[in-house]
Amino acid sequence: MAADPTVPTAGGPPEEGVSLHLLGGFRLLRGAAPIVVPRGLQRVIALIGLRPGATRSQLAGLLWPDASEERALSSLRTALWRLRQDPCCPMTVAGDSVRLAPTVRLDVDELVGTAARVRDGDDLDTAAGALAAGRHDLLPGWYDDWVLLDRERLRQLRLHMLEQVAGQHLTAGRHGEALEAALEAMAAEPLRETPHRLVVRIHLAEGNAFEAVHAFYVYRDLLRRELRLEPSPAMSALLDDTLAPIRQASRDATADRPSPAGRRA
């Protein structure tokens, strides 16, 4: 593991200016310079970043699930020894505890923190930054069980965060910002009903009945085509008042149309 040779590593604490990026792929940076990390050690660093409270036994069991406990712990000791030989080592080891150094910035923590601030109803700057937070999946192309679990956890966290942002903007009458957040959530999971429902509500709040009806039928057709399902009663109910006159007019037109028997007479 080594920093880019164009960036000096001497002077100051080794973890100064180090950032660990796991969303969109593994990247360890010192300043703007990438630090080269072998794939096996990438797994160790990534897991320590995602499990800051884990013991050595827990880390070893997740990293080497098919090995005996003794062999897994031995492999972890070797990996930690290799990491600590490097001046850019991004972690600290104390007894049974292994965690990222306090000065290492982790992008996953930023996503979690943004989601918490949105949940707590913080200022509009937080809501604006939420749209870009976590836009990329956790460690794409990695298929360890612990990665898959955290990937889904963070995906759900981001979806709920975007929906909360859209709902907060809608309540405040900021329809453009609400629609942007709802569409961002829709792009992340096209079959999820909640963002589609928000889009319908936003269009109705703006008085755009056509847009609301169009959004509903686009989602209904997508759901039928992909899953052979219908939108929930809650979503259909959003358009009851809007569609009631159209449905009544259709029923009236059908009632006024002469029956086949009447035409033959």
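Keep in mind the model is a prediction, meaning the values are calculated, not measured.
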Taking C-beta and beyond as the side chain, do [X] and [Y] meet within less than 4.5 Å on heavy atoms?
{"X": "Leu239", "Y": "Met235", "value": "no"}
{"X": "Leu20", "Y": "Phe26", "value": "yes"}
{"X": "Arg197", "Y": "Ser232", "value": "yes"}
{"X": "Arg119", "Y": "His160", "value": "no"}
{"X": "Val98", "Y": "Leu76", "value": "no"}
{"X": "Pro90", "Y": "Ile45", "value": "yes"}
{"X": "Leu222", "Y": "Leu227", "value": "no"}
{"X": "Leu191", "Y": "Glu189", "value": "yes"}

What's the separation between atom [atom1] in [X] and atom [atom2] in [Y], rounded to the nearest 0.5 Å?
{"X": "Leu198", "Y": "Glu193", "atom1": "CG", "atom2": "CD", "value": "10.5 Å"}
{"X": "Trp146", "Y": "Leu59", "atom1": "CH2", "atom2": "CG", "value": "9.5 Å"}
{"X": "Glu180", "Y": "Ile202", "atom1": "CD", "atom2": "CD1", "value": "10.5 Å"}
{"X": "Met186", "Y": "Glu163", "atom1": "CE", "atom2": "CD", "value": "10.0 Å"}
{"X": "Leu23", "Y": "Leu154", "atom1": "CG", "atom2": "CG", "value": "6.5 Å"}
{"X": "Leu183", "Y": "His196", "atom1": "CG", "atom2": "NE2", "value": "9.5 Å"}

Are more than 12 heavy atoms, taken from residues, nucleotides or ligands other than [X], located less than 6.0 Å from that residue's [atom1] atom?
{"X": "Glu230", "atom1": "CD", "result": "yes"}
{"X": "Gln85", "atom1": "CD", "result": "yes"}
{"X": "Asp145", "atom1": "CG", "result": "no"}

Do you know which two heavy atoms are closest between [X] and [Y], and how far apart they sit?
{"X": "Ser236", "Y": "Pro231", "answer": "OG-O, 4.1 Å"}
{"X": "Gln42", "Y": "Trp142", "answer": "OE1-CZ2, 3.5 Å"}
{"X": "Met161", "Y": "Ala130", "answer": "CE-O, 3.4 Å"}
{"X": "Ala72", "Y": "Trp64", "answer": "O-CE3, 3.6 Å"}
{"X": "Ala188", "Y": "Leu159", "answer": "CB-CD2, 3.8 Å"}
{"X": "Pro195", "Y": "Ala182", "answer": "CB-O, 3.6 Å"}

Taking the basic N atoms (NZ, or NE/NH1/NH2) and the acidic carboxylate oxygens, is any pair closer than 4.0 Å for [X] and [Y]?
{"X": "Arg27", "Y": "Asp107", "answer": "no"}
{"X": "Arg158", "Y": "Glu184", "answer": "yes"}
{"X": "Asp120", "Y": "Arg117", "answer": "no"}

One pair to check against side-chain contact (heavy atoms from CB on, under 4.5 Å): Arg99 and Met91. What are the steps and the verdict?
CA-CA 6 Å; Arg99 60 182 62 242; Met91 63 191 60; over 6 Å; no
Is a side-chain donor or acceptor of [X] paired with a backbone partner of [Y] at a separation under 3.5 angstrom?
{"X": "Arg56", "Y": "Arg77", "answer": "no"}
{"X": "Thr114", "Y": "Glu110", "answer": "yes"}
{"X": "Arg201", "Y": "Leu238", "answer": "no"}
{"X": "Arg135", "Y": "Leu131", "answer": "yes"}

Would you say [X] and [Y] are hydrophobically clustered, going by side-chain heavy atoms of ILVMFWY under 4.5 Å?
{"X": "Leu229", "Y": "Val218", "value": "no"}
{"X": "Val93", "Y": "Leu83", "value": "yes"}
{"X": "Leu80", "Y": "Leu73", "value": "no"}
{"X": "Leu223", "Y": "Val199", "value": "no"}
{"X": "Val112", "Y": "Leu22", "value": "yes"}

Relative to the ring of His214, is the ring of Phe210 parallel (under 30°), tilted (30 to 60°) or perpendicular (over 60°)?
parallel
Decide side-chain contact (heavy atoms from CB on, under 4.5 Å) for Leu170 and His175; before the verdict, give the C-alpha distance in whole Å, the side-chain angles of both, and the deciding distance to 0.1 Å.
CA-CA 6 Å; Leu170 176 58; His175 298 134; 3.8 Å; yes
Are Gln156 and Glu152 close enough, and set up right, to give a side-chain hydrogen bond (donor to acceptor under 3.5 Å, both in side chains), and what steps lead you there?
CA-CA 6 Å; Gln156 290 293 333; Glu152 180 60 17; 2.9 Å; yes
Step by step, would you call Gln168 with Val118 a side-chain contact (heavy atoms from CB on, under 4.5 Å)?
CA-CA 9 Å; Gln168 290 169 7; Val118 168; 4.0 Å; yes
Quick one, Leu179 with His203, criterion side-chain contact (heavy atoms from CB on, under 4.5 Å). Give me CA distance, side-chain angles, the key distance, then yes/no.
CA-CA 8 Å; Leu179 187 60; His203 287 315; 4.2 Å; yes
